[in-house]
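What follows is a short report on a single structure.
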Amino acid sequence: MNDTARRLVLIDGSSYLYRAFHALPPLSNDDGEPTGALFGVVNMLRATLKEKPDYVAFVVDAPGKTFRDELYPEYKANRPPMPDELRAQVQPMCDIVEALGMPILRVPGVEADDVIGTLAVQAAAEGIGVTISTSDKDFAQLVHARGDGGGIALVNTMSGSRMDSEQAVVEKFGVRPGQIVDYLALMGDTVDNVPGVRKCGPKTAAKWLAEYETLDGVIAHADAIKGKIGDNLREALDRLPLNRTLVTIRTDVDLEQTPTALSLREAHTDTLRALYTRYGFKQALKELDGGAGTVSGTEQARAEQAGMRNTAAGYAKASVTVDGDADPALAAAGVYECVTTHAQLDDWIGRLRAADEFAFDCETDSLDPMRANLVGLSFSTQPGAACYIPLAHDYPGAPAQLDRTVVLDALRPLLSDPGRRKLGQHGKYDLHVLRRHGIEVHGYADDTMLESFVYNATATRHDMDSLARRYLGYETVKYADVAGKGAKAIPFSQVALDDATRYAAEDADVTLRLHRVLAPKLAAVPSLERVYREIEMPLVKVLERIEANGVMIDGDELRRQSADLGKRMLAAQRKATGLAGRSFNLDSPRQLGALLFDELKLPALVKTPKGQPSTNEEALEAIADQHELPRVILEYRGLAKLRSTYTDKLSEMVNPDTGRVHTSYHQAGAATGRLASSDPNLQNIPIRTEDGRRIRTAFVAPPGRRIVACDYSQIELRIMAHLSGDEGLVNAFASGADIHRATAAEVFGKAIGDVDANERRAAKAINFGLMYGMSAFGLARQLGVSRGEAQDYIALYFSRYPGVRDFMERTREQARERGYVETVFGRRLYLEHIHARNQGLRAGAERAAINAPMQGTAADIIKRAMIDVDRWLAGHRDGSGRAPALMILQVHDELVFEAEANFVETLVAEVSGRMAAAAELRVPLVVDCGVGDNWEEAH
DNA sequence: TTTATCCCCTA
DNA sequence: GTAGGGGATAAAT
């Protein structure tokens with residue numbers, strides 16, 4: 001947006017009042033007057049005013065009928081009356097808006113939506129930048145961007161999202177702003193009592209409009225739509241035009257007000273002070289009297305610099321699109337060159353050599369970097385300029401290409417020079433590929449995926465297409481566009497050079513552009529910059545090495561186990577068929593449910609989230625005393641799970657070149673900062689049951705080597721002790737006692753030696769429950785006690801460990817005030833739904849807020865340890881690169897190594913020391929190590 | 001062949 | 001109650 005453009009903010013007052021009412025707890029002031037909604041609205045208003053708009057209006061509905069009621073008498077007939085606690089807050093709200101000096105618009109006979117729509121369109125036509133502040137998605141129909149700084153944007157302060165371009169609307173709804181009315185007409189609106197096409201939700205509506213463009217197009221082709229939903233559409237045809245009229249926001253209403261008359265008057269400070277005092281808004285009062293708000297001035301400035309904006313709820317969230325000060329070159333089209341001659345290659349090598357930093361990207365024929373063959377390389381040295389060097393395109397008629405060895409030899413000095421800064425998007429993949437083609441990359445300095453992840457882990461996915469859309473407002477060429485998808489996909493080596501260049505060079509170009517946008521955002525928040533620079537970037541090569549190392553699997557052992565499991569499954573299946581009196585598919589929850597609950601009439605005590613009778617473990621356990629079948633099913637399921645997920649799968653995953661299994665760690669996979677593992681997932685290998693644990697015996701060391709497993713003892717609880725500073729908990733850890741036993745002793749008022757097994761179990765459940773933000777309900781379920789009893793346990797716990805209670809409350813508060821929580825090392829997790837009106841969503845966000853600092857700090861700590869241990873191990877590699885020990889697995893709080901037998905002692909001492917020293921907390925970090933010929937023995 | 005649902009494995 | 005990956009079925013296509 002142009003900085004000099006005038007700005008108008010139109011606030012949809014009614015939608016805000018409702019939103020705040022449902023989103024916030026039912027607060028009241030000392031006199032018992034309800035204040036929850038008021039509080040939310042006031043915070044939103046203060047945030048809006050801080051942005052100093054030139055014009056602003058607070059628009060509310062006037063009583064009385066409007067044109068929509070004339071058209072359709074049932075309009076809004078489903079609306080429940082306004083709750084009393086909300087009604088009571090309407091007048092005070094208007095008083096506050098008035099005192100703030102903000103114009104209030106209430107036009108008889110015209111809905112607030114239409115007032116807003118009309119003013120917005122008038123203002124935009126005059127080149128004024130309009131922001132409509134609302135939680136009503138219908139306004140998306142008005143969104144558009146304009147070069148002159150005009151245009152209409154939407155902010156939804158519930159989600160913190162901002163839509164200020166056609167792309168943003170498309171991203172959110174899958175249709176363009178011009179199609180929104182058609183989209184809404186098809187779906188209908190239950191709240192306003194406007195029925196749409198039955199069973200037609202957002203997905204279907206967007207799909208039809210993508211195909212037929214407009215509502216008229218859909219109506220014209222109604223006969224072409226098959227199935228039940230086609231019948232529903234044809235049934236609704238008659239009323240769709242009316243729907244369209246009802247959901248269209250009018251922009252041509254006759255109004256007395258003009259946008260430029262909506263100036264902010266001077267605030268009436270004394271009235272405000274009185275109102276704020278009466279309703280107990282301490283923060284607002286403080287601000288009124290010149291004090292800082294909840295966010296300190298410098299913090300605020302930093303956040304703004306970093307492209308964050310304040311929203312109604314007072315929490316920061318990254319803005320959706322390109323910043324106003326972003327270099328326009330960053331969104332321009334690129335010029336791409338396909339390099340097929342030595343002269344071109346020399347030219348590009350010269351450019352790479354002259355550049356301070358460059359982006360690179362590999363094209364291959366496989367998603368698995370441990371199997372992929374290099375097909376081409378792309379480079380970019382400045383936004384808009386990139387090349388693609390094809391190396392192995394082999395379709396009929398493919399132009400001659402440079403020799404792969406020649407090209408790689410020419411590039412090696414650049415790629416392996418630690419002094420030359422390289423950047424990529426998910427570069428770990430490219431590091432694998434290049435290493436396997438004889439180039440060890442050094443100087444891999446920046447990764448846009450990790451920049452985005454550290455900057456805001458939840459704002460977007462971190463693949464390049466999503467990043468380009470969000471941070472550049474740019475639509476990339478999709479892989480499927482050039483190579484097709486599904487069964488019809490061709491390998492990249494068969495993509496025509498023109499298409500390949502368009503796609504591949506763009507990857508390098510966009511990576512560089514993204515870095516130019518993301519790096520300053522990170523730099524503006526020093527704590528995030530440090531997490532990125534000191535943890536995530538150094539970790540890239542460590543993970544690459546672990547993945548490349550792989551783990552040795554005893555395939556014969558797994559096959560034996562598969563055969564054994566298979567036999568037992570068959571026996572269980574026969575028994576089940578006998579008990580049921582007929583055969584059925586034991587793997588089908590549906591068939592099983594029909595059998596148990598319909599035929600056998602067993603009670604359905606547990607429901608699935610969708611309301612079906614559940615056949616999960618809890619449900620089957622509950623009826624196991626009434627019939628033999630449930631136990632047999634449980635037995636079968638346990639065996640089937642082990643076989644399909646583990647014993648069968650793992651031996652398939654052995655890499656033919658290395659003879660080992662190479663997992664893939666996702667560094668931007670979990671919002672808390674944890675790693676995730678897939679293909680195969682080696683972070684969920686069974687351990688709890690005897691049969692399951694046996695799978696670990698197949699994770700072996702080669703002859704002469706041993707498996708060493710080192711894990712942190714109770715790391716998350718220790719972090720809770722550190723973060724809360726609770727004296728009792730800190731002392732318990734300092735004493736080195738069994739923490740669950742110590743907790744039980746405290747809570748039940750016994751000597752440590754007198755705690756019985758049941759008390760310890762309860763204490764353990766409380767300890768874990770706390771870290772997950774549990775409720776009494778959850779604990780009761782876990783322990784099989786009444787809710788009241790569970791509540792008593794929790795109360796008792798908090799009375800013994802008051803620091804923990806305070807910590808929980810502080811954490812929730814921080815989440816509400818800033819919109820994020822932090823780890824000890826400054827990593828942030830944003831809680832998108834912390835102010836959601838939906839109670840379940842909000843409660844979930846609060847639980848996540850409690851858990852994230854602990855889970856995230858633990859993740860930071862083990863990552864630091866991995867970097868340190870890797871550095872130490874690197875010093876022990878001999879001339880050929882062979883190390884006496886390899887790091888082979890990370891399982892959240894555990895590191896697993898494969899080591900020469902005579903190096904085990906050194907390894908255990910060094911690794912446990914380095915892991916324990918990875919953070920200085922108020923409590924010691926304790927590391928346990930085990931050694932064996934396989935992973936099971938090493939525990 | 002893709003998508004949603006249910007179930008279950010780990011820390 | 002937190003954070004993940006993934007298999008099998010069944011429906012939609």
Side-chain angles (χ1 to χ4, degrees), chain A residues 199 203-204 207 226-229 457-458 485-489 584-593 606-620 633-634 636-646 648-649 663-666 669-689 691-693 695-696 711-712 714-717 720 765-782 790 794 808 821 829 831 840 843-856 858-859 862 889-894:
Chain A
K199 293 279 172 194
K203 296 287 176 200
T204 309
K207 197 180 74 183
K226 291 189 293 263
K228 184 85 181 146
I229 191 114
T458 51
K485 64 172 186 174
K488 284 177 293 233
F584 65 103
N585 186 344
L586 280 75
D587 287 316
S588 166
R590 239 181 118 177
Q591 292 185 31
L592 179 61
V606 186
K607 297 270 187 264
T608 68
K610 245 198 100 209
Q612 297 299 106
S614 174
T615 66
N616 67 13
E617 182 170 354
E618 189 193 348
L620 295 184
I633 297 291
L634 286 172
Y636 172 85
R637 282 219 185 123
L639 302 168
K641 171 81 178 174
L642 292 178
R643 198 172 80 145
S644 63
T645 311
Y646 301 106
D648 281 357
K649 200 59 195 288
T663 182
S664 180
Y665 287 106
H666 308 289
T672 51
R674 268 194 183 180
L675 299 176
S677 155
S678 70
D679 311 292
N681 181 349
L682 296 185
Q683 291 182 321
N684 71 346
I685 304 301
I687 193 167
R688 283 173 218 224
T689 67
D691 281 325
R693 197 159 49 238
I695 291 168
R696 295 186 171 223
D711 69 287
Y712 283 110
Q714 306 292 355
I715 188 167
E716 292 189 12
L717 269 180
M720 184 164 89
I766 298 175
N767 277 332
F768 278 99
L770 281 171
M771 292 191 301
Y772 299 147
M774 71 167 177
S775 62
F777 182 78
L779 181 66
R781 210 173 145 106
Q782 171 80 24
I794 295 173
M808 303 266 162
V821 292
L829 175 68
L831 287 313
E846 285 183 5
R847 290 192 297 269
I850 299 280
N851 179 256
M854 293 181 264
Q855 190 182 120
I862 197 165
L889 293 172
Q890 189 256 39
V891 194
H892 307 308
D893 64 359
E894 173 183 10

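In what follows, every chain begins at residue 1, and chains take the letters A, B, ... in the order their sequences are listed. Computed from a predicted model, the values in this text were never measured in an experiment.
Protein atom CD1 of A/Ile850 is 11 Å distant from nucleotide atom C1' of C/dG1, rounded to whole Å. As rounded to whole Å, 13 Å separates atom P of C/dT9 from atom CZ of A/Phe584. Atom pair A/Glu894:CD and C/dA3:P shows a separation of 22 Å (rounding to whole Å applied). What separates CG of A/Asp691 from P of B/dC9 is a distance of 11 Å, to the nearest Å. One can place CD of A/Glu846 at 13 Å from P of C/dA3, the figure rounded to the nearest angstrom. A/Leu586 has its CG atom 19 Å from the P atom of B/dC6, to the nearest Å. At whole-Å resolution of the value, CG in A/Asp587 and P in B/dC8 are 11 Å apart. Atom CG in A/Leu620 sits roughly 11 Å away from atom C1' in B/dC7 (whole-Å rounding).
Inter-residue side-chain proximity for A/Phe768 and A/Leu779 is flagged as unmet; no heavy-atom pair is nearer than 4.5 Å. A heavy-atom distance below 4.5 Å is not found between the side chains of A/Arg688 and A/Pro686.
Between A/Ser588 and C/dA8 there is no side-chain N or O to OP1 or OP2 distance below 4.0 Å. OP1 or OP2 of B/dA11 has at least one side-chain nitrogen or oxygen of A/Arg688 nearer than 4.0 Å. In this structure, A/Thr608 reaches the B/dC6 phosphate: one of its side-chain N or O atoms is under 4.0 Å from OP1 or OP2. At B/dC7, none of the side-chain N or O atoms of A/Arg637 fall inside 4.0 Å of OP1 or OP2 (strictly under the cut-off). In terms of phosphate contacts, A/Gln591 brings a side-chain nitrogen or oxygen within less than 4.0 Å of OP1 or OP2 of C/dA10. Checking the phosphate oxygens (OP1, OP2) of C/dG6, no side-chain nitrogen or oxygen of A/Ser644 falls inside 4.0 Å. The side chain of A/Lys649 contributes an N or O atom lying less than 4.0 Å from OP1 or OP2 of C/dG7. Contact check, A/Arg674 against C/dA3: no side-chain N or O comes under 4.0 Å of OP1 or OP2.
Of the candidates C/dG1, B/dT10, B/dC9, the closest approach to any side-chain atom of A/Arg696 belongs to B/dT10. Checked against B/dT1, C/dG1, C/dG5, the side chain of A/Arg847 finds its nearest nucleotide in C/dG1. In this structure, of B/dC6, C/dG5, B/dA11, it is B/dA11 that holds the atom nearest to the side chain of A/Ile687. Among the nucleotides C/dT2, B/dC8, C/dG1, the one closest to the side chain of A/Gln855 is C/dT2. Looking at the side chain of A/Lys610, the nearest of the listed nucleotides B/dT5, B/dT1, B/dC9 is B/dT5. Comparing C/dG7, C/dA10, C/dA3 by their nearest atom to the side chain of A/Thr645 picks out C/dG7. Checked against B/dC7, C/dA3, C/dA11, the side chain of A/Thr672 finds its nearest nucleotide in C/dA3. Distances were taken from every side-chain heavy atom of A/Arg590 (C-beta onward) to each of B/dA11, C/dG6, C/dA11; the shortest belongs to C/dA11. Listed candidates were C/dG5, B/dA11, B/dT1. Nearest to the side chain of A/Tyr772 is B/dA11.
Between the side chain of A/Lys641 and the base of B/dC8, at least one donor-acceptor pair of N or O atoms lies under 3.5 Å.
The local environment of CZ in A/Arg781 is sparse, with at most 12 non-hydrogen atoms from other residues, nucleotides or ligands closer than 6.0 Å.
Across all strands, A/Ile685 comes closer than 4.0 Å only to sugar-phosphate atoms, never to a base (heavy-atom distances). Note on A/Glu716: nothing from the nucleic acid sits closer than 4.0 angstrom, heavy atoms only. Nucleic acid contact for A/Asn585: sugar-phosphate only, since backbone atoms but no base atoms lie under 4.0 Å from a heavy atom of the residue. Residue A/Ala671 is in sugar-phosphate contact alone, with no base atom involved, counting any heavy-atom pair closer than 4.0 Å across all strands shown. Residue contacts shown for A/Leu770 are absent, as no nucleic acid heavy atom lies under 4.0 Å away.
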### Task
Step by step, work out the side chain to side chain contact (heavy atoms under 4.5 Å, CB included) result for A/Ile633 and A/Leu586.
CA-CA 7 Å; A/Ile633 297 291; A/Leu586 280 75; 4.2 Å; yes

### Message
Is there a side chain to side chain contact (heavy atoms under 4.5 Å, CB included) between A/Thr615 and A/Arg637? Walk through the geometry before answering.
### Response
CA-CA 11 Å; A/Thr615 66; A/Arg637 282 219 185 123; 2.9 Å; yes

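Contact check on A/Glu617 versus A/Lys641 returns no salt bridge, with no Lys/Arg side-chain nitrogen under 4.0 Å from an Asp/Glu carboxylate oxygen.
Residue A/Asn681 holds its CG atom at 10.0 Å from OG1 of A/Thr645, rounded to the nearest 0.5 Å.
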